[in-house]
Amino acid sequence: MDKFFINGGKRLEGALEISTSKNATLPILAASIMSEGEIIVNKVPNFSDVEIMLKILSSIGCLITKQNNDVIINNDSINSFELPAELTKEVRASIFLMGPLLAKFKSAKLSYPGGCNIGLRPIDLHLNGLRKLGAKIIEQHGYIYCDGKNMHGAVVNLDFPSVGATENLIMAATLIEGTTQIINAAREPEIVDLANFINSMGGKIEGAGNSVITIEGVKKLKGTEYKPIGDRIVAGTYLIAVAMNGGKVQLTNINPDYLISLIDKLKNSACNIDTKFDRIKIESIGKFKALGNIDTQPYPGFPTDLQAPIMAMQTIGEGTTVISENVFESRFKQVPELIRMGATITIKEKSAIIVGEKQLYGAEVTASDLRAGASLVLAGLVAKGYTTINDIYHIDRGYENLEVALSSLGADIKRI
Ligand code: EPZ
């Protein structure tokens, strides 16, 4: 099992190109099975979650070839609508295949999806939404059996703006008769990217990025070539790394509009930040005050995926910060590990109270999920002495060669 070994206290200087977004690439790969023609997805990141998604597509008969960073998908020989349980259990994103399989093949069978252990991760919004579109869905012995023969457009109200449910419903509605409206849809940039991808294949989706999305069913979708957006959570993690360690870094292949909430907070944390349409330049000019209050919300609010990273930063802010995690019910698994490194944090229901300390100290810690793992890397970079991080496979799910990127900026981090 790989570990990270970090010697903390180095300033970060230089430039990084941000990888393509994991959470945009995964639904786009799922949607690609709806096309009659060849799909080329450019600059596909080599996160382990993406590898598993490609294996799932191959398992139903998709022909996947790779050319440099591009992935070419040919659907002519899809011959199964049942997803292999051992793969679907590994990634949450396997659930994104329900919509496309129902839209194109009118049938799907899959086991409950896996993913990070940050909460129950129910799929009721997905299933009830698809049932509203006329799908017959039976849940039995841990499997979900879907029959999409009589699907039709409808108005679907989401109780919560779920990212995955919004994506599944957009994909299901793309190829069925009639018009579908999703009310209280998620507004994340990855939703807009998925809609743009499907429209580039001939889909008719309007309103993505807003709370009401309208999808006109079409008969078929053609091939396309598409480059998904840059990963705003990876970019946000690096911005926080600079804010914590001091330094000056430029990030490219990232639209700063996706990170307005974080950028505003960092500008109040002794950072100068310049932005252009596809790049962000950050310079950290020293000790920063604690941010006071942070509430995670669906987009465009402060992203839940940056809650653990920004918590690592607040452990050395001057003052106290209360972070409320309003999206997932158990996403504070980084707290005991940060405390081992000298942080002062208490948890009260869905809030974590962080009293800033002068210094963190290196320790042996363990990653429990993707973003909690990232927060431990950030803490190790700023801690005095050596930090070992175990179970870094969690981190590899969403950060491409994190140690290589950080070392290129001057950090002393090794994969052992
Ligand atoms: C997506 O997960 C992302 N994953 C998550 O990123 C991200 O944290 C999350 O959106 C919120 O932004 C991918 O895109 C692959 P949700 P998803 O449905 O779709 C509840 C990362 O670190 N809910 O918006 O699963 C759910 O329990 C990962 O990259 C239901 O109750 O998130 C949660 O409390 C982690 N019923 C809330 O909604 C449902 O049917 C938000 O979940 C679906 C969700």
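As the structure lists them, so they are numbered: ligands from 1, and atoms in each ligand from 1.
Salt-bridge formation is detected for the pair Glu17/Lys43: a Lys NZ or Arg NE/NH1/NH2 atom is positioned less than 4.0 Å from an Asp or Glu carboxylate oxygen. Between Arg415 and Asp2 there is a salt bridge, since a side-chain N of the basic residue sits under 4.0 Å from a carboxylate O of the acidic one.
Under a 3.5 Å cut-off, the side chain of Asn401 and the backbone N or O of Val404 do not form any donor-acceptor pair. The main-chain N or O of Val322 is never found under 3.5 Å from a side-chain atom of Ser351 such that the two would form a donor-acceptor pair.
Scanning for side-chain contact (heavy atoms from CB on, under 4.5 Å) contacts around Thr179 gives Thr214, Glu216, with sequence neighbours left out.
On a distance-only criterion, Leu125 and ligand 1 share at least one N/O pair closer than 3.5 Å. Annotation: Phe96 places no N or O atom under 3.5 Å from an N or O atom of ligand 1; distance criterion only. Considering backbone and side-chain N/O of Arg371, one or more are found under 3.5 Å from N/O of ligand 1. Between Ala93 and ligand 1, a contact under 3.5 Å exists for no N or O pair.
With a 4.0 Å heavy-atom cut-off, ligand 1 is reached by no atom of Glu167. Contacts with ligand 1 closer than 4.0 Å are made by no heavy atom of Arg397, backbone or side chain.
Every atom of ligand 1 is numbered from 1 in the order shown, and the set under 4.0 Å from a heavy atom of Thr304 is 8 (O), 11 (C). Residue-ligand proximity, Gly164 to ligand 1, at heavy-atom distances under 4.0 Å covers atoms 18 (O), 19 (O).
Residue pairs that meet the side chain to side chain donor-acceptor pair (under 3.5 Å) test with at least one member in residues 122-132, sequence neighbours left out, are His126-Asn168, Asn128-Arg131, Arg131-Glu139.
Nearest-residue assignment for atom 23 (N) of ligand 1 (options Ala374, Ser330, Pro122, Ala165; heavy-atom criterion): Pro122. Nearest-heavy-atom check against atom 5 (C) of ligand 1 across Asn168, Asp369, Asp305 picks out Asp305.
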